[in-house]
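Every number for a ligand or one of its atoms is a count from 1 in the order of the listing. Residue numbers run from 1 in the order of the sequence given.
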Amino acid sequence: ATIISSNKIIPTIAPRFKKQMKFSPYHIHFPKTSRKLPQCLIIGVRKCGTRALLEMLNLHPRIQKAAGEVHFFDRDENYERGLEWYRKKMPHSFRGQITIEKSPSYFVTPEVAERVRAMNSSIKLLLLVREPVTRAISDFTQLRSHSATAVLPTNQLSQASSSSPNTKSFEELAIFANGTININYRPLALSIYHQYTLRWLEIFSRSQILVINGDQLITDPISQINRVQDFLGIERRINHENFYFNKTKGFYCLRTMAGDKKCLKETKGRMHPKVNEKSVSILRKFFVEHNQKFYDLIGEDLGWPEE
Ligand SMILES: Nc1ncnc2c1ncn2[C@@H]1O[C@H](COP(=O)(O)OS(=O)(=O)O)[C@@H](OP(=O)(O)O)[C@H]1O
């Protein structure tokens, strides 16, 4: 019975355990588990708290998370392996449990929405967004820490800069010397949410997509987790007791149903570089029009600052 903790199975042990039970003198009955295709996906946006959201939701006894980012729908080499390959990447789950996978690049990769529909047209989608300039700075911070050049992945975007973000500040990469915005700089381009949202809404109904506020997920996680529990039609089992604020980390950490404590790793919640206020203000003004288009598409006003 130790393999079951708050109704969760430890996926790798469960089948082996069941096999052992065949030879057991005790006729303990274990419910059947299987690997199922996800009924819910966290599609992005990158750097908006997708890992935090998945870990938080995984506290719920009715949720099973896929361990890593599977990148099934956005990488052709994976997609070509077929749905059986994808299913086998999923955790074991009991009947009635919901399997969730997250790959943040799903949101911005053109082919993904159609591919997801081909798998399950009634799937539930979670879209996390954050104030666009903060998201872009977070993205810059990650790219810089990977010492990666911020090249653009999609064919509609040109090369932003051939110099390493190591040597240039966020301000230099985002705003040209003449004051215009470098919209081809990937961290900025990915914050223009309406461009990508449109495609998802052409393929899925609005009611299938829950837009989650990533800034509130940081400051008041339960407010967003409650919205997700309601959206998924599951009991509100995750509550305030599952969170405690860790002053050293500066973020909420998790307390499982069994009482174990867990913070996200140090790559989540990095210190951002100081970006000068004038640049932030210029960028926020630039995003006003784009944010409005996003609000219009989703039918919600997220109240992001206009300067
Ligand atoms: N509870 C908690 N603990 C730690 N971090 C938290 C938490 N909630 C949200 N976040 C924010 O998650 C940001 C990383 O987002 P993602 O997980 O989507 O990043 S990634 O795209 O998968 O790389 C990460 O961004 P940075 O602050 O820039 O590191 C965090 O701000």
Side-chain angles (χ1 to χ4, degrees), residues 40-60 65-75 100-109 112 125-148 150 153 165 169-170 173-174 186-191 193 196 210-228 238-256 260-275 280 283 302 304:
C40 174
L41 289 176
I42 299 174
I43 56 174
V45 182
R46 177 187 152 85
K47 304 318 295 173
C48 290
T50 55
R51 171 57 57 188
L53 178 66
L54 186 64
E55 296 300 327
M56 290 170 186
L57 291 176
N58 194 52
L59 296 170
H60 200 291
K65 62 162 188 177
E69 293 178 7
V70 184
H71 290 283
F72 176 64
F73 298 104
D74 60 321
R75 294 191 184 156
I100 305 187
E101 192 244 330
K102 81 112 176 165
S103 295
S105 40
Y106 285 168
F107 179 62
V108 299
T109 309
V112 171
L125 304 168
L126 304 179
L127 173 63
L128 255 165
V129 289
R130 224 169 145 185
E131 191 278 311
V133 180
T134 313
R135 197 217 68 81
I137 296 170
S138 171
D139 209 340
F140 163 83
T141 310
Q142 159 131 328
L143 291 168
R144 192 183 58 173
S145 82
H146 287 179
S147 293
S169 66
F170 174 75
L173 290 162
R186 190 179 185 226
L188 288 185
L190 296 191
S191 284
Y193 303 136
Y196 310 99
L210 182 70
V211 179
I212 302 156
N213 187 321
D215 300 299
Q216 282 178 21
L217 189 78
I218 294 174
T219 55
D220 179 18
I222 199 66
S223 69
Q224 300 308 296
I225 293 300
N226 277 340
R227 294 181 63 228
V228 182
I238 307 168
N239 59 44
H240 285 105
E241 286 169 19
N242 295 109
F243 301 98
Y244 66 96
F245 192 77
N246 182 311
K247 275 193 188 151
T248 320
K249 187 162 173 67
F251 283 84
Y252 279 95
C253 295
L254 315 184
R255 191 181 288 112
T256 67
D260 299 325
K261 290 177 170 182
K262 179 181 171 178
C263 293
L264 264 62
K265 58 184 185 183
E266 60 286 354
T267 56
K268 305 294 180 183
R270 289 187 179 102
M271 185 80 89
H272 291 181
K274 181 101 193 78
V275 175
V280 171
L283 289 169
L302 295 169
W304 287 322

Trainee: So between Q224, K102, K249, whose heavy atom ends up nearest atom 22 (O) of ligand 1?
Mentor: K102

Trainee: What is the closest protein heavy atom to atom 27 (O) of ligand 1, and at what distance does it sit?
Mentor: G269 CA, 3.5 Å

Trainee: Quick one: nearest non-hydrogen protein atom to atom 15 (O) of ligand 1, plus distance?
Mentor: G49 N, 3.0 Å

Trainee: Which of the atoms in ligand 1, numbered in the order shown and given with their element, are less than 4.0 Å from a heavy-atom of C48?
Mentor: 15 (O), 18 (O)

Trainee: Under 4.0 Å from a heavy atom of Q142: which atoms of ligand 1 are those, numbered in the order shown and with their elements?
Mentor: 23 (O)

Trainee: Number the atoms of ligand 1 from 1 as they appear, then name those within less than 4.0 Å of a heavy atom of S138, with their elements.
Mentor: 25 (O), 26 (P), 28 (O)

Trainee: What distance separates M56 CE from K262 NZ, expressed to the nearest 0.5 Å?
Mentor: 11.0 Å

Trainee: Any idea which atoms of ligand 1 are less than 4.0 Å away from a heavy-atom of R46?
Mentor: 21 (O)

Trainee: Are the charged groups of E55 and K65 less than 4.0 angstrom apart, N to O?
Mentor: yes

Trainee: Taking distance alone, with no angle check, do A52 and ligand 1 share an N/O pair under 3.5 Å?
Mentor: no

Trainee: Could you see which bit of R130 sits under 4.0 Å from ligand 1, with heavy atoms only: side chain, backbone, both or neither?
Mentor: side chain

Trainee: Might you work through the salt bridge (charged side-chain N to carboxylate O under 4.0 Å, His left out) test for R186 and D139, ending with a clear yes or no?
Mentor: CA-CA 9 Å; R186 190 179 185 226; D139 209 340; 5.5 Å; no

Trainee: Can you tell me which portion of E266 lies within the under-4.0 Å heavy-atom range of ligand 1? Options are side chain, backbone, both, or neither.
Mentor: neither

Trainee: Please report the shortest heavy-atom distance between I100 and I42, naming the atom on each side.
Mentor: CG2-CG1, 4.0 Å

Trainee: Quickly, which of T109, V108, I43 forms a side chain to side chain contact (heavy atoms under 4.5 Å, CB included) with D74? Name it, please.
Mentor: T109

Trainee: Just verifying a value: how many Å separate D215 CG and Q224 CD, rounded to the nearest 0.5 Å?
Mentor: 9.5 Å

Trainee: Could you measure the distance from the OG atom of S191 to the OH atom of Y193? Nearest 0.5 Å is fine.
Mentor: 4.5 Å

Trainee: Evaluate K47 for polar contact with ligand 1, using N/O atom pairs at a separation under 3.5 Å.
Mentor: yes

Trainee: Give the atoms of ligand 1, by number and element, whose distance to some non-hydrogen atom of E69 is under 4.0 Å.
Mentor: 22 (O)

Trainee: Got a second to check how far E241's CD is from I222's CD1, nearest 0.5 Å?
Mentor: 10.0 Å

Trainee: Among all the protein's non-hydrogen atoms, which is closest to atom 9 (C) of ligand 1, and how far away is it?
Mentor: I218 CG1, 3.4 Å

Trainee: Less than 4.5 Å apart, side chain to side chain, heavy atoms only: is that true for F73 and S105?
Mentor: no

Trainee: Could you tell me whether some N/O pair between M56 and ligand 1 is separated by less than 3.5 angstrom?
Mentor: no

Trainee: For atom 6 (C) of ligand 1, which candidate among F243, F140, F251 provides the closest heavy atom?
Mentor: F251

Trainee: Do me a favour and list the nearest non-hydrogen protein atom to atom 1 (N) of ligand 1 with residue, atom name and distance?
Mentor: Y252 O, 2.9 Å

Trainee: Would you give the length of the straight line joining atom CZ of R135 to atom SG of C48, rounded to the nearest 0.5 angstrom?
Mentor: 6.0 Å

Trainee: Suppose I only count heavy atoms of R270 and a 4.0 Å limit; which atoms of ligand 1 are within that range?
Mentor: 26 (P), 27 (O), 29 (O)

Trainee: Passes side-chain contact (heavy atoms from CB on, under 4.5 Å), K102 versus L126? Steps please.
Mentor: CA-CA 9 Å; K102 81 112 176 165; L126 304 179; over 6 Å; no

Trainee: List the closest protein heavy-atom neighbour of atom 18 (O) of ligand 1: residue, atom name, distance to the nearest 0.1 Å.
Mentor: T50 OG1, 2.6 Å

Trainee: Between C263 and ligand 1, find which residue part has any heavy-atom pair under 4.0 Å and reply side chain, backbone, both or neither.
Mentor: neither

Trainee: Which ligand 1 atoms, with their elements, are less than 4.0 angstrom from a heavy-atom of H272?
Mentor: 26 (P), 27 (O), 28 (O)

Trainee: Looking only at protein heavy atoms, which one is nearest to atom 20 (S) of ligand 1, and how far off is it?
Mentor: K268 NZ, 3.5 Å

Trainee: Is R51 close to ligand 1, meaning an N/O of one under 3.5 Å from an N/O of the other?
Mentor: yes

Trainee: Determine whether V228 and L53 make a side-chain contact, defined as any pair of heavy atoms from C-beta on separated by less than 4.5 Å.
Mentor: yes

Trainee: To the nearest 0.5 Å, tell me how far R130 CZ sits from I218 CD1.
Mentor: 4.0 Å

